[in-house]
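Working notes, structure below.
Residue numbers begin at 1 in each chain, while the letters A, B, ... track the order of the sequences.
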Amino acid sequence: MKRRLSCVYKGEMNLLEEYRWRGMLQDSTQGADEALGKGPVKAYIGFDPTASSLHVGSLMPIMGLVHLQRMGHSPLVLLGGQTGLVGDPSGKIEERPVLPKDQVEENLSGIRGQLEHFLDFDSSVNPAQTVNNATWLADLQMVDFLRDVGKYFSVTSLLNKESIKRRVKDQDTGISFAEFSYVLLQAYDFLALNEKYGCTFQMGGSDQWGNITAGIQLIRKARNKKAYGITYPLVTGPEGNKFGKTETGTTWLDPKRTSPYRFYQFWMNVDDSLVIDYLKQFTLLEAKVIQDLRSVHNERPHERMPHRKLAEEITSLVHGQDGLSKARIATEVLFGGELGGLRADEIEDVFSDVPSSEMSESDLSDEGLSILDVVTNAGLTQSRSEARRAIEGGGLYLNNIRVTDIESRLEAGNAADGRFFVLRKGKKNYHLIRLLH
RNA sequence: GGUGGGGUACCGAAGCGGUCAAACGGGGCAGACUGUAAAUCUGCUGGCUCAGCCUUCGUAGGUUCGAAUCCUACCCCCACCA
């Protein structure tokens, strides 16, 4: 059920124009437009293996590659297995911790798996490819590197790079030689990809501009060949704050780290002022469709159609139809919908994020347990008194049905599909009890 | 070291012999409204076997039928003076 996103190159479609109207173009080097117009190209983006999963912050470059492939170009994904061992100083205030090698390995395979949701690696015409720069960096000799690459860089110009300048100035943190040299490694990556794969484009976030142009210069000076670069704008939240972070942490693409439900909710909760931008940047919907969504939203904002569409599109892209339907069921249930029709495995799935405990059937023998005790033991309330007040105030639910009687007892017969008790205090405080037979 | 003021529930702050589980404000929780937002409104906000009982007003004693409130000692804070 992998989507076919690739297609044969058609000269009349212009990638940069697509990026422009979608608000995905920050900057491009001279001649990039013409070079793309001449025929299919190979373009690469490097992904950082600092974690075993990508998060929503990487979505812009990923979508960049998706558009690229849809226009018949070939995307190349560089997994920086080696550069990950050094650490890129761009956009970082402090030196980063260096990761152990086996961790980097593990991260690489996780990331590769996620990209398969977006890119077509099996196309006969323009398949996506992943490359690990260990291929050329692992056995590189220091002296060779200095001669072939180092020679082309002036320290003065390196010191003038924004990412380095800022760190050199800061007396407290400074910059290590490893990080200082990072830009050379990335430039060398581009050179290597250019030679081995005929790659002529590099793309990346706007913080990568300095690294990208360094690569282009190296290719020009060392091989007298032309190469190009494109950067995507930085995605920010409503107050310019960091995108993708919520109270519960980073929003990851890995369903084990961020459940499809939470992922879906992340997009549902996007600020109104940004939803149209995000539709352009993170979905493949066409201009006309997005325009229509915008007018619907202006007329009936409370329906939040663009949010729904945004959440659905991206969730199905990242987690598939299956993930989307899980997220939908979870949304309905977690916002107070009926629990009755759900099967045990669906309940288990919906409430997988929720604190839970277990109880054996014998605990509930004939009399059952006082709901007050159950709620308090589950940690939903601090004391029986508090549980009592919650019920009196109408704020306690069993299996999404309001509990009205303080005296009511929990019995095996109440369990949803015979296996679960779903306790809820207020709108969002859940506790799941598994009934063991 | 001297003088004065003070320690009250999650926080701020009233209370100064019984009607005090303790006003009021903030925060928190819940309900209504709503767009899963904000604002607003309502209720709750020590524990329990809950029309009752038990434990709480810096700590330890005492006076009293009865103490957060009066007395004694101690501990800690703050202000001013040295």
Distance between the C1' atoms of B:rA68 and B:rU56, in whole angstroms? 10 Å
When the C1' atoms of B:rC11 and B:rC80 are compared, how many Å lie between them, rounded to an integer? 28 Å
Assign A:S383 to base, sugar-phosphate, or nothing according to its heavy-atom contacts below 4.0 angstrom with the strands shown. sugar-phosphate
Span that lies between the C1' atom of B:rA37 and that of B:rC50, in whole angstrom: 38 Å
Not counting sequence neighbours, which residues clear side-chain contact (heavy atoms from CB on, under 4.5 Å) with A:A415? List them please. A:F421, A:L435
Using the P atom on both, measure B:rG6 against B:rC70 and round to a whole Å. 11 Å
Quickly work out the A:R388 CZ to B:rU49 P distance and round it to whole Å. 7 Å
In short, ring pair (Phe, Tyr, Trp, His ring centres under 6.0 Å) pairs touching residues 330-372 of chain A with sequence neighbours left out are A:F351-A:Y430
Which nucleotides of nucleotides 30-37 of chain B have their base under 4.0 Å from a protein heavy atom (B), which only their sugar-phosphate (S), and which neither (-), written as one string 5' to 3'? SSS--BB-
Heavy-atom closest contact (A:S357 atom, A:H431 atom, distance): OG-NE2, 2.8 Å
Salt bridge (Lys or Arg N to Asp or Glu O under 4.0 Å) pairs, two or more places apart, involving residues 280-309 of chain A: A:K288-A:D292, A:R300-A:E303, A:K309-A:E313
Integer angstrom distance from the C1' of B:rU8 to that of B:rG52: 26 Å
Roughly how far apart, to the nearest Å, are B:rC24 and B:rA14 at atom C1'? 7 Å
Which whole number of Å gives the distance between the C1' atom of B:rA60 and that of B:rG1? 27 Å
Residue list, salt bridge (Lys or Arg N to Asp or Glu O under 4.0 Å) with A:E18, at least two apart or on another chain: A:R22
Rounded to whole Å, please give me the gap between CD in A:Q382 and C1' in B:rU45. 12 Å
With a 3.5 Å limit on both atom pairs, tell me what B:rA30 is paired to, counting Watson-Crick and G-U wobble, or say none. B:rU42
Side-chain donor or acceptor of A:T381 under 3.5 Å from a matching atom on the base of B:rC29? no
What integer number of Å spans the C1' atoms of B:rG17 and B:rA67? 6 Å
Looking only at side-chain N and O atoms, does A:R389 come under 4.0 Å of OP1 or OP2 in B:rG47? yes
Checking base pairs now: Watson-Crick or wobble, both atom distances under 3.5 Å. What partners B:rC80? B:rG2
Does B:rU69 have a Watson-Crick or wobble mate here (both distances under 3.5 Å), and if so which one? none
Whole Å only: how far is the CD atom of A:E386 from the P atom of B:rG28? 15 Å
Pairwise salt bridge (Lys or Arg N to Asp or Glu O under 4.0 Å) hits with a residue in residues 391-419 of chain A, at least two apart: A:E348-A:R419
Check this for me, if you would: do A:R328 and A:E332 make a salt bridge, where the nitrogen-to-carboxylate-oxygen distance has to be below 4.0 angstrom? no
